[in-house]
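Hydrogens, waters and symmetry mates are skipped; everything else that's a heavy atom, side chains included, is used. Chain A is the first sequence line, chain B the second, and so forth, proteins listed ahead of strands; every chain is numbered from 1. The structure displayed is predicted, hence computed values, not measured ones.
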Protein chains: 2
Amino acid sequence: MEKANEMKPKEIRKLIRNQEITGPTAGMANGFTQANLVVLKKEHAFDFLLFCQRNPRSCPLLDVTEAGSFHPLKMAREADIRKDIPKYRIYKDGVYTEEVLDITEYWKDDMVGFLIGCSFTFETPLLENGIPIQHIEENCNVPMYRTNIACEKSGLFEGPTVVSMRPMSPQDAIRATQITSRFPAVHGAPIHVGDPSQIGITDISKPDFGDSVTIKENEVPVFWACGVTPQAVAIESKPLIMITHAPGHMLISDVKDEAFSVL
Amino acid sequence: MEKANEMKPKEIRKLIRNQEITGPTAGMANGFTQANLVVLKKEHAFDFLLFCQRNPRSCPLLDVTEAGSFHPLKMAREADIRKDIPKYRIYKDGVYTEEVLDITEYWKDDMVGFLIGCSFTFETPLLENGIPIQHIEENCNVPMYRTNIACEKSGLFEGPTVVSMRPMSPQDAIRATQITSRFPAVHGAPIHVGDPSQIGITDISKPDFGDSVTIKENEVPVFWACGVTPQAVAIESKPLIMITHAPGHMLISDVKDEAFSVL
């Protein structure tokens, strides 16, 4: 098999659709933007759209499908959001019930798909600037944490902001702030740096999603708002049904990362 | 007397020239750029110019006078750099010998004046973004420290980078990194954030120049390269004579701060 980091998005999506790839997508189709997925019934779509609009750091919207359509026309017009993500999570009444490889059997004609920007997009320019990324070096999922930073409520949607964390030297944290500020559509600048307890994280070695990574001496944890936020929100908000990607298992789009740089 | 923060640069320079103002210039002629001064004999001018070119973070050059001329034509064409700074320091053979209010008696026809960007320029946009600046609140001089970050050598000029420090919440430190990145001509982004010992500062409560300020709980120290660096360099490099401004006592130019924003 060709190396996944050098493959085209369409080729990888095909392998995912055939369930030949079922793991995290970090590093695949290098240079192409990956996206978080939220699927909701149309009756909740307006409130969730407003929720994204009110919480642009954690929920920057990249694409919204027409009700009943499973093709995200802006990001990957040939993709099928029911099948082209390696792993999905089903939430019923705010309870995470199962992880599945395909959501066709859950799909209804009144469902709307939301694609939300993902911090993987800014990892390419970070690496190109010589900033090491620990979860890539350790070949695991980025650590993610619930914080005490409340999202702005919209309808039934409310809950805590989830953050992803990358440990860095202070110099790299400054450079990473500059670089990620150029990418507001994929969470933009960090929302916190340093002491985790200031944002309500009591144990940095125990992420709520993803994997724990080493923080070296002389490194500080740097936190970005994360597209997994809707999953924490789903738990508090209890929509009848909500389907999301599994953390780290993203939709690989046909749009280049650099398309989201504002400078 | 009119308030110094609302006065025009030319009016303030006149009061300074008449020695009616002899203290620090922070907050005066609000919105106009202030500059650090270095005066050297022409024989050292090339090496120092190259030193600035090699160390743009600490020594961003705003203006260089013709040998023997005391008018900085780009920054304040009517100013006299021998008289229009409230306080100067004289260094002979690397030894700081005295502080004076006027350097006319030291001035020679083969002297060159260098104006170097000052972090006061980015304090205005920081304040406008709602970021409190502790040394302004405490009405004292910004704290400055020698670090273990060596400047790049040029001829006889070598020595440590001096930094200015502003304590901030982590959120403000992130926003301040964005704002100051827009001002590369006045030191640009921070060069360090957090643990002072990582850049060789052993006691944050004892600055090498300026005054100590309070660091509140939940605040981190944020460090910018500082135009006082040439004074630390003068001590190590021992030029026959070097004249500088006294820390915090700057030349007030006719150029607006915003002229140095690159975005």
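Using a 4.0 Å cut-off between charged nitrogen and carboxylate oxygen, A:E258 and A:R182 count as a salt-bridge pair.
Taking A:N218, A:T177, A:V193 one by one and counting their heavy-atom pairs under 4.5 Å with chain B, the maximum is reached by A:N218. Annotation: maximal heavy-atom pairing with chain B below 4.5 Å, among A:S169, A:P190, A:G194, occurs at A:P190.
With a threshold of 4.5 angstrom between heavy atoms, B:V220 does not approach chain A through any atom at all. Residue B:I191 touches chain A through its backbone alone, counting heavy-atom pairs closer than 4.5 Å.
No donor-acceptor contact under 3.5 angstrom links the side chains of A:Q34 and A:H245, judged on distance only.
Atom CD of A:E236 is separated from atom NZ of A:K238 by 7.5 Å, given to the nearest 0.5 angstrom.
With A:T33 contributing its side chain and A:S253 its backbone, the two residues share no donor-acceptor pair below 3.5 Å.
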